[in-house]
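I have placed the structure first, in the form of structure tokens, so that the comments after it can refer back to it.
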Amino acid sequence: MLRPIYYVAKATFHEAWRRRFLNGILVFAILMIGSSRVLMYMQPGAELRMLVDIGLGSIRFFGLLIAVFMGARLISDEIEKRTIHTILAKPVSRGQFLIGKFIGGVTTVWSNIAIMGVAFYGLVRLTAPRVAAAAEGESWVYSLDLMYGRVLGSIGLIFLELFVVTALAVTFSTIFSWILATISTFFIYFVGQMSEFIHQLADPERGATPVAAIVLGTIYRILPHFEIFDMREAILDPARPLPWEHPAKVVIQTCTYVVVVILIGYLFFNEREV
Amino acid sequence: MSKSSFARYGGWLMVLILLVLLQPLSDSVNYERLIYGLVRPMPATRLVEKDFTVVPGVIAGAILGGFREIAAAMIWMKSTELWNKGHGTELKYLSMVRTTTLLDPHWLEPWRIAGWHLAYNMYVEADKIPDPELRAKRKAQYMQMGVDCLKEGISWNPDHYDLYFELGWTYFDKVRNYDEASKWLSHTLQFEHPEYIERIIAHAYERKPEMQKALDWYDYCIKRNPADGTAYGATLTIHERYLTAWRLMEEGKYDEAIEEANCYLAVAPNNILPLHLKAHIYEQAGELEKAYKWWSVAGKTALNAHARERAARLARQLGKEVPPEPADIMRQEQMAVPERKF
Amino acid sequence: MCFRIRRCCAIATAIRTENLAKLYGTDSEGRPVGLVGLTLEVAEGQIFGLLGPNGSGKTTTLKLLLGLIFPTSGSGEIFDLKLGSPEYKRRVGFLPEGPYFYDHLNAVELLRFYATLFGMSGPDLEKHIQELLELVGMWDRRAIRVRDYSRGMLQRVGVAQALLNDPDLVFMDEPTAGLDPSAQIEMRNVILRLRDEGKTVFLCSHLLKDMEPICDTVAILSRGTVRRLAPMSELLSGDSPRYVLTVAGQSEQVQSRLASLATEVRPREGNLEAVYEDQGAALNAANQIGAAGAKILHVGPERRTLEEVFVEVVGGE
């Protein structure tokens with residue numbers, strides 16, 4: 001039952017790592033992370049802020065590219081290139097195949113983030129003490145340990161966010177060609193960033209008509225809520241302690257949503273003719 | 001066939017059930033995000049008044065989605081570049097700083113810089129306007145915008161020292177509204193803060209004037225740090241110049257108090273401290289006409305919202321026509337410490 | 001294992017379909033496109049050929065049998081299991097047409113990957129992979145990546161992966177298409193060997209000449225329907241009692257002597273063929289001609305080629 005999933009996942013992981021396109025993104029991302037070390041000096045007085053923002057932003061951006069471009073091809077490519085024929089002719093169910101592909105895709109995305117994250121964390125550990133020492137006595141006194149913790153926490157949030165993105169991409173790739181799957185995933189990603197806004201638009205107290213309230217409310221309930229990963233500032237903030245239950249709830253919400261998305265993908269894939 | 005359709009419909013039913021089960025959790029997470037102040041900027045949810053500079057920021061935020069922080073950092077760098085090239089007073093610079101605050105509202109630096117830029121730099125920049133009436137109006141507007149900007153920033157970051165101090169200091173040093181200054185500076189005391197905060201609060205009380213409270217605060221400073229020379233000096237000055245008049249006023253001996261106040265006013269006729277003291281004594285004595293006159297005098301000496309405010313208040317009481325001074329344009333509405341909305 | 005026991009039974013059925021249909025709509029003349037209604041039964045241990053022109057529904061049938069697509073109506077079973085069930089796939093091998101594989105792998109990695117899907121692993125597997133690659137003549141080229149393969153190499157590795165699980169039933173789609181003559185012969189030998197081992201082979205092809213010598217049973221498919229389903233021998237001999245005598249050379253003397261008794265004499269491939277109404281007439285003629293010193297190549301019942309049968313069945317379509 002689990003063995004085929006494992007081997008499909010393993011093959012997917014290996015194949016992804018041999019893709020020049022993905023390796024190129026990773027190299028570029030590492031260069032970008034490295035450049036945050038240079039760019040930060042363009043902003044005297046906010047060097048560490050720049051370092052962290054540019055570095056984390058790069059990890060997130062390039063991680064997103066990897067998740068979407070790889071995820072959207074996972075199933076559609078197998079169908080378009082017909083490699084799926086010999087695999088489904090083996091004793092592998094479509095569910096096993098889909099889950100294996102998804103797990104392979106997620107581990108690829110996560111391992112890419114991990115590499116970028118380790119590179120960036122190393123850079124921060126090397127750079128931050130020097131910058132802080134040079135700025136001794138200035139009004140913005142940064143607690144370095146706090147910052148290290150925040151960097152790690154933020155990378156963890158990127159893991160979660162791209163977990164959902166990969167699930168969406170894989171599910172779209174069971175339905176559409178890879179181009180359409182890519183576009184759809186980006187679309188849902190950006191709409192999902194605004195889910196809170198849609199929620200407000202659906203609020204009758206803010207002037208939504210009954211029809212708009214039902215339609216937008218339903219859309220909001222189905223959409224992924226990417227805003228829940230936006231808590232970087234609150235991680236380890238001594239002024240606003242965030243109880244651990246909150247991130248725990250976010251993790252449970254994310255995992256449940258991923259199950260829903262993959263289940264939808266499975267229901268489509270099960271009907272898909274290859 | 002029937003088996004597969006059962007699997008199909010059963011599957012969709014399961015999707016529906018999971019989505020329904022997810023909603024309470026999702027709502028709970030959203031509720032907590034409100035409690036912990038994690039909600040992103042939304043159009044006009046926290047603005048002090050209607051502000052059209054938010055439009056580009058909101059659009060940019062929507063398009064950028066999860067990349068707000070990096071975009072904020074980039075725009076901030078670009079704005080600094082503009083500033084260094086001497087384009088700091090152009091509208092472009094201001095809108096960039098404003099956009100940064102909208103993209104990353106928990107980043108304190110842009111709020112601080114934007115508030116300072118409006119209340120100080122743009123205020124001075126308005127001196128170039130030739131029409132005196134328009135100039136006065138613009139100056140007051142810029143100052144108000146600086147204050148509003150800091151208040152909006154505080155509403156995003158109520159748990160951080162920086163913007164409370166910035167706002168308190170802007171009220172104290174630029175607007176010279178000592179009621180507001182002492183109020184906002186007092187908020188900083190809940191955080192770890194530098195020693196000078198209590199001294200500035202004391203200065204504010206001194207200028208209101210509320211001599212006893214000023215003395216209490218100076219006293220606190222000296223007890224905390226016996227080597228606090230400034231607090232010593234200020235205490236001595238109050239004792240020497242104003243305390244006699246203050247005590248006489250408290251005892252109801254207003255004429256003697258005025259006489260006492262005049263002693264030092266003769267030495268320094270433009271010093272706002274004796275002017276405020278004199279006006280305050282007249283007000284306490286119920287001689288409102290005289291109080292109005294002396295608050296007006298104090299209001300003309302320098303930028304002094306406090307004196308103008310009090311003069312305007314008396315003018316209303318006396319049925320006089322309130323002069324269209326900047327003090328009137330300035331809204332001194334009471335803004336409570338932002339409550340977290342639930 | 002149970003299937004070995006079942007194989008002993010002479011009547012065991014590998015594939016059974018009942019009105020299996022997959023319709024993709026209609027063409028401009030209103031005729032249905034796709035597979036219209038396939039009913040067939042393939043007994044174990046034979047080579048079954050599903051023959052037909054391009055677009056007649058061969059690959060559609062294969063995909064239906066493997067559960068890659070789903071029937072519009074009708075049903076089918078493989079080893080008595082419903083179509084699409086992963087269960088029977090343990091006993092099935094599949095060589096698709098112009099096979100496509102993960103092209104970043106080499107032959108050994110590719111076979112290892114497919115083997116894991118069957119749950120196979122360990123040192124025995126490595127030996128098994130070597131045997132298979134030797135069988136298809138790819139062992140010495142095992143390190144080359146699939147993306148650098150020629151058409152023939154793809155086909156060879158395709159056969160190897162189809163045989164990984166020692167299947168009881170092998171599906172092959174156009175197994176000989178695009179191969180050079182020697183590779184075609186190798187492929188034919190592989191297929192015959194599979195039958196000798198007692199396996200069932202289900203072939204789809206439009207290359208009738210390649211199929212003629214190997215298929216035991218043939219179904220001729222045209223426009224989505226089976227036009228003819230019969231054992232190959234029956235198909236080629238037909239019901240005719242006529243006999244054919246083949247004589248070497250094309251000398252006029254021999255030709256005229258043959259013509260005296262035959263219903264028809266025709267030159268064929270540098271020799272002469274005479275057709276007789278029955279066996280006796282043919283043998284009689286053979287004796288006479290042989291006595292006259294001509295070289296007799298063959299005497300036997302009249303056989304048509306598969307192509308002739310095919311054209312007859314399919315007609316002008």
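Every chain is numbered from 1, with letters handed out A, B, ... down the list of sequences.
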| task | Report the option among B:V20, B:L25, B:L18 that has the most heavy-atom pairs separated by less than 4.5 Å from atoms of chain A. | result |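 That would be B:L25.
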So [Y] and [X], do their side chains get closer than 4.5 Å, heavy atoms only?
X: A:Y257; Y: B:S26; value: no
X: A:D53; Y: B:W76; value: no
X: A:E227; Y: B:N30; value: no

Which answer fits [X], side chain, backbone, both or neither, if we ask what part of it has an atom under 4.5 Å from a heavy atom of chain B?
X: A:H225; value: side chain
X: A:L267; value: side chain
X: A:I252; value: both

| message | With a 6.0 Å cut-off on the ring centroids, do B:W12 and A:Y266 count as close? | response |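 Here the rings of A:Y266 and B:W12 have centres that are no less than 6.0 Å from each other.
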Counting only heavy atoms not in [X], do more than 12 fall under 6.0 Å of its [atom1]?
X: A:E273; atom1: CD; result: yes
X: B:Y196; atom1: OH; result: yes
X: A:Y121; atom1: OH; result: yes

Mind checking the [atom1]-[atom2] spacing from [X] to [Y]? Nearest 0.5 Å is all I need.
X: B:M74; Y: A:M50; atom1: CE; atom2: CE; result: 8.0 Å
X: A:H199; Y: B:D27; atom1: NE2; atom2: CG; result: 6.0 Å
X: A:H246; Y: B:Y31; atom1: NE2; atom2: OH; result: 13.0 Å
X: A:L263; Y: B:L19; atom1: CG; atom2: CG; result: 9.5 Å
X: B:E32; Y: A:M231; atom1: CD; atom2: CE; result: 9.5 Å

| field | Best-contacting candidate, A:I54, A:I222, A:L56, against chain B by heavy atom pairs under 4.5 angstrom | value |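 Max contact count across the listed options: A:I54.
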| said: For A:Q253 versus B:L22, what's the shortest heavy-atom pair and its separation? | reply: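 Smallest interatomic distance, heavy atoms only, reads O-CD1, 3.7 Å.
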| query | Is the backbone N or O of A:R221 less than 3.5 Å from a side-chain atom of B:Q23, with the two atoms forming a donor-acceptor pair by type? | reply |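 Here the side-chain-to-backbone pair exists.
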